[in-house]
Amino acid sequence: MMEVDISSCKVSFEIERLSNPSNEVFEKYIASSTPFIMTDVVTSWPAWSLWRTDDYLLDKVGRDTLLPLRSRFANDETRGDSGDEPEWYGETRQVRFGDFLRQWRQLADEGHRWSEEADRSGEYYYLASLPIAKHFAPLAADVAVPPHPQQQRKSGNLWIGNAGQMTPVHHDFSTGDPGMDGLHAVIRGRKTFRLFDPELNAARFPRKTRWGRFHQSMVDAGGLPSAARYPQFAGADCLQIDLRAGEMLYIPKLWWHHVVTEEPSISVNFWFQHLESERLKLTKHWCVLEQELLAREQMQISPAKMRNVLSFYHLKPSDDDIEFYRRNVHDFMLLPLHLYTYGNGLRAPWIASLPTAADVDAQLQQRVRDWVLARKAQRLQVSEPNRTTPDALPAVVDDKR
């Protein structure tokens with residue numbers, strides 16, 4: 001693993017810390033896409049005192065409860081569906097909660113810090129982003145879900161990791177939608193977040209091109225890309241944040257971020273959607289969507305995955321149809337249900353009922369469609385292939401989705 005290299009970045013450490021801000025204040029930060037730290041919120045949760053002891057967690061969750069944990073982050077043989085790059089969080093293995101927590105405590109007591117060499121020599125697990133409602137229901141009452149995710153009926157996700165474990169550069173996303181707003185609360189330990197304003201850094205982070213990975217930057221397990229390997233990264237604007245126990249960080253939609261666990265930590269994160277952060281995709285954050293579309297234009301997708309995607313779009317593709325769309329990516333990107341996904345963040349009841357949500361949705365879909373048509377026309381001017389979309393593939397938007 002390479003050390004995180006931000007020597008070529010313009011690094012700032014300035015971020016506001018607000019004590020228990022009102023919803024009205026929070027709304028202003030969302031609308032302006034400005035990260036900040038909330039204090040005096042996490043410290044009021046029951047978890048702040050109850051999760052101080054491992055025995056409490058073991059009693060509530062159960063020693064023998066099996067959980068899907070991540071391991072072998074540095075294993076070169078850990079591959080995705082195309083077999084050409086490691087999985088982002090390593091392998092997934094079923095591990096008893098008691099075994100995991102015992103190892104976590106032992107490594108913490110020994111002052112262990114995760115490294116590639118240590119990872120290769122033994123089993124080191126990371127409890128990463130597991131939904132509390134699904135895997136830790138007895139702990140749910142210990143966390144006061146913040147108003148925005150609570151209104152959207154979203155529970156938190158639990159993270160328990162050792163010093164040195166990290167999450168590579170990415171921006172948060174949901175199925176079929178390029179971005180979500182996020183909150184990350186540290187209950188025990190400390191983490192370093194490196195945030196990158198998408199408006200200032202839109203073209204600085206080369207994206208992965210495999211289907212489902214467009215929100216991830218082209219980085220290895222070591223963290224940030226070096227300027228030598230990715231020259232476009234030189235001069236990136238980075239906001240470095242020391243997030244301490246008892247604090248909660250707001251990560252605006254589409255902000256790139258990289259996370260390192262500095263001390264053995266227990267954290268909870270939340271995701272939510274918001275009309276104002278969706279609206280920004282039409283203005284200062286369109287540059288991010290354009291980069292995401294460029295990655296999709298170069299997408300790597302296996303025949304099996306393409307079949308699954310087309311089936312999800314309510315199509316019944318033949319083998320010829322699958323190959324057609326793999327070769328003719330713009331025709332795939334123009335499928336109505338593919339375009340439809342770009343407004344998914346606006347269709348939940350709590351947003352769709354707002355007066356301008358439908359208009360923003362329509363504008364987003366139209367702008368994406370116009371972009372794809374323009375790119376397709378440019379390519380046709382060069383190659384002029386004879387392309388027609390198969391009649392056997394009716395593409396119908398299902399408004400109930």
Side-chain angles (χ1 to χ4, degrees), residues 17-23 26 35-70 95-109 125-163 165 167 172 180-193 241-251 259-272:
R17 282 179 162 83
L18 303 180
S19 173
N20 194 15
S22 66
N23 278 345
F26 190 13
F36 73 101
I37 290 173
M38 300 182 194
T39 62
D40 304 311
V41 175
V42 177
T43 52
S44 69
W45 296 352
W48 176 247
S49 57
L50 294 175
W51 294 10
R52 297 282 117 188
T53 65
D54 298 349
D55 287 343
Y56 175 84
L57 298 173
L58 287 168
D59 181 61
K60 285 290 187 177
V61 178
R63 294 177 182 275
D64 294 328
T65 299
L66 289 173
L67 298 170
L69 305 185
R70 302 288 182 166
V95 181
R96 288 184 177 84
F97 183 63
D99 294 338
F100 164 72
L101 208 61
R102 181 174 61 253
Q103 183 200 69
W104 179 73
R105 170 50 55 198
Q106 178 183 345
L107 293 174
D109 291 343
Y125 298 107
Y126 191 11
L127 195 160
S129 191
L130 293 185
I132 292 175
K134 179 178 180 180
H135 296 284
F136 309 98
L139 298 177
D142 297 344
V143 175
V145 180
H148 286 85
Q150 182 184 53
Q151 291 167 5
Q152 299 176 19
R153 303 182 190 132
K154 296 180 183 292
S155 68
N157 305 290
L158 185 63
W159 301 72
I160 304 179
N162 290 109
Q165 289 178 321
T167 303
D172 294 325
M180 296 183 294
D181 293 280
L183 293 164
H184 198 102
V186 177
I187 297 173
R188 291 167 64 174
R190 183 170 62 88
K191 294 186 173 183
T192 294
F193 280 75
I241 299 160
D242 179 29
L243 192 66
R244 302 183 287 264
E247 297 181 331
M248 181 158 60
L249 172 66
Y250 167 57
I251 305 172
V259 191
V260 177
T261 301
E262 301 293 354
E263 300 171 358
S265 295
I266 299 180
S267 306
V268 176
N269 85 294
F270 309 89
W271 289 304
F272 62 93

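All values derive from a computational prediction rather than experimental measurement.
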Are R52 and W48 in a cation-pi contact, defined as NZ or CZ under 6.0 Å from the six-membered ring centre and within 45° of the axis? yes
Answer whether the closest heavy-atom distance between the side chains of P264 and R188 falls below 4.5 Å. no
With a 4.5 Å heavy-atom cut-off, do V145 and K154 have their side chains touching?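 Side-chain contact under 4.5 Å: no.
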Reported [atom1]-to-[atom2] distance for the pair [X] and [Y], which is rounded to 0.5 angstrom:
| X | Y | atom1 | atom2 | answer |
| --- | --- | --- | --- | --- |
| R17 | R244 | CZ | CZ | 4.0 Å |
| F100 | L127 | CZ | CG | 5.0 Å |
| Y125 | L101 | OH | CG | 14.0 Å |
| L243 | L249 | CG | CG | 5.5 Å |
| I241 | K191 | CD1 | NZ | 13.0 Å |
| L67 | R96 | CG | CZ | 11.5 Å |

Of all the heavy-atom pairs spanning [X] and [Y], show the shortest one and how long it is.
| X | Y | result |
| --- | --- | --- |
| V42 | A185 | CG2-CB, 3.6 Å |
| S267 | L158 | O-CD1, 3.5 Å |
| S265 | G189 | OG-CA, 3.5 Å |
| P147 | N23 | CG-OD1, 3.5 Å |
| T261 | Y126 | OG1-OH, 4.1 Å |
| S129 | W271 | OG-CH2, 3.5 Å |

If the plane angle is over 60° it's perpendicular, under 30° parallel, otherwise tilted; pick one for F36 and Y250. tilted
Does either side chain, that of T192 or that of E262, offer a donor lying less than 3.5 Å from an acceptor on the other one? yes
Restricting to ring-ring contact (aromatic ring centres under 6.0 Å, His included), what partner residues turn up for H135, sequence neighbours left out?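 Listed in chain order: nothing, the list is empty.
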Which residues satisfy the side chain to side chain contact (heavy atoms under 4.5 Å, CB included) test with P146, sequence neighbours excluded? P149, L183, M248, F270
Could you go through I266 and L57, starting from their C-alpha distance and side-chain angles, then the distance that decides it, and tell me whether this counts as side chain to side chain contact (heavy atoms under 4.5 Å, CB included)? CA-CA 11 Å; I266 299 180; L57 298 173; 3.8 Å; yes
Stepwise side chain to side chain contact (heavy atoms under 4.5 Å, CB included) test for T167 and W159: CA-CA 11 Å; T167 303; W159 301 72; 4.1 Å; yes
Which of these passes side-chain contact (heavy atoms from CB on, under 4.5 Å) with D142: F136, W51, W45?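 Only match with D142 under side-chain contact (heavy atoms from CB on, under 4.5 Å): W51.
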Give a yes or no on whether R153 atom CZ has more than 12 heavy-atom contacts from other residues, nucleotides or ligands under 6.0 Å away.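 Incorrect, the count does not exceed 12.
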